[in-house]
Amino acid sequence: MEATRLIIILIMGMLAFGMRVLPQVYFLGRTFPPAWDLFLRYLSYALICSIVATTLFMAAGHFESQAAPHRAVALLTTVVVAQRTRSAVTGMIIGTIVVLLLSWMR
């Protein structure tokens, strides 16, 4: 995986986290309605997934068909690990390791 992709993923992850934290800091001491709380809770995960999926399968505006099967396995592994451990960070770490191992074996 290129360093540029990792930088993009990290920056967008920080932005997504900021989108989740800023309303909570701004409304400190107040409670959110349940719908807003649920929305903010899953917003960062949805943004990170969309960014990771795009950077995994696209390069220079083109679909990378040769690497897609390996990267799809890594993405699926990431989702399963994150769901089972209930930790997005653990899932992303394991997914990154799987992508690197599959790229190295290729």
Side-chain angles (χ1 to χ4, degrees):
M1 189 180 294
E2 300 170 15
T4 305
R5 290 181 186 203
L6 289 175
I7 292 170
I8 290 171
I9 290 170
L10 290 174
I11 290 172
M12 295 306 292
M14 288 187 296
L15 288 173
F17 183 73
M19 288 175 58
R20 184 177 168 198
V21 170
L22 282 177
Q24 293 177 357
V25 170
Y26 182 72
F27 294 111
L28 190 64
R30 300 181 194 167
T31 58
F32 284 107
W36 274 98
D37 186 45
L38 194 62
F39 173 74
L40 290 172
R41 184 178 313 247
Y42 292 109
L43 177 66
S44 60
Y45 295 125
L47 290 171
I48 290 171
C49 287
S50 67
I51 293 159
V52 169
T54 302
T55 57
L56 275 177
F57 296 111
M58 301 291 286
H62 300 289
F63 180 72
E64 292 184 339
S65 59
Q66 291 180 339
H70 299 300
R71 293 177 181 175
V73 168
L75 186 60
L76 180 64
T77 303
T78 302
V79 171
V80 169
V81 168
Q83 192 272 331
R84 298 241 173 144
T85 63
R86 302 214 179 265
S87 171
V89 174
T90 304
M92 290 191 313
I93 291 170
I94 298 298
T96 303
I97 291 169
V98 170
V99 164
L100 293 173
L101 287 174
L102 290 174
S103 296
W104 179 70
M105 292 172 55
R106 190 167 45 130

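Note that the structure is a prediction, hence the values are computed from the model and not measured.
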(request) Using a 4.5 Å cut-off on heavy atoms from C-beta on, say whether the side chain of T78 contacts that of V98. (result) no

(request) Give a yes or no on whether Y26 and F39 share a hydrophobic cluster (residues Ile, Leu, Val, Met, Phe, Trp, Tyr; joining criterion: side-chain heavy atoms under 4.5 Å apart). (result) yes

(request) Specify the closest pair of heavy atoms between G95 and A74, including all atoms of both residues, with the distance to one decimal. (result) O-CB, 3.9 Å

(message) Could you tell me if the side chain of I94 sits less than 4.5 Å from the side chain of T77, heavy atoms only?
(response) yes

(message) Within this structure, what is the CG-CE distance for the pair L10 and M92, rounded to the nearest 0.5 Å?
(response) 8.0 Å

(request) Taking all heavy atoms of A82 and all of A88, pick out the closest pair and write down the distance. (result) CB-CA, 4.2 Å

(message) Would you compute the distance between atom CD1 of I93 and atom OG of S87 and round it to the nearest 0.5 angstrom?
(response) 7.5 Å

(message) For the CD1 atom of I97 and the CG atom of L102, what is their distance to the nearest 0.5 Å?
(response) 12.0 Å

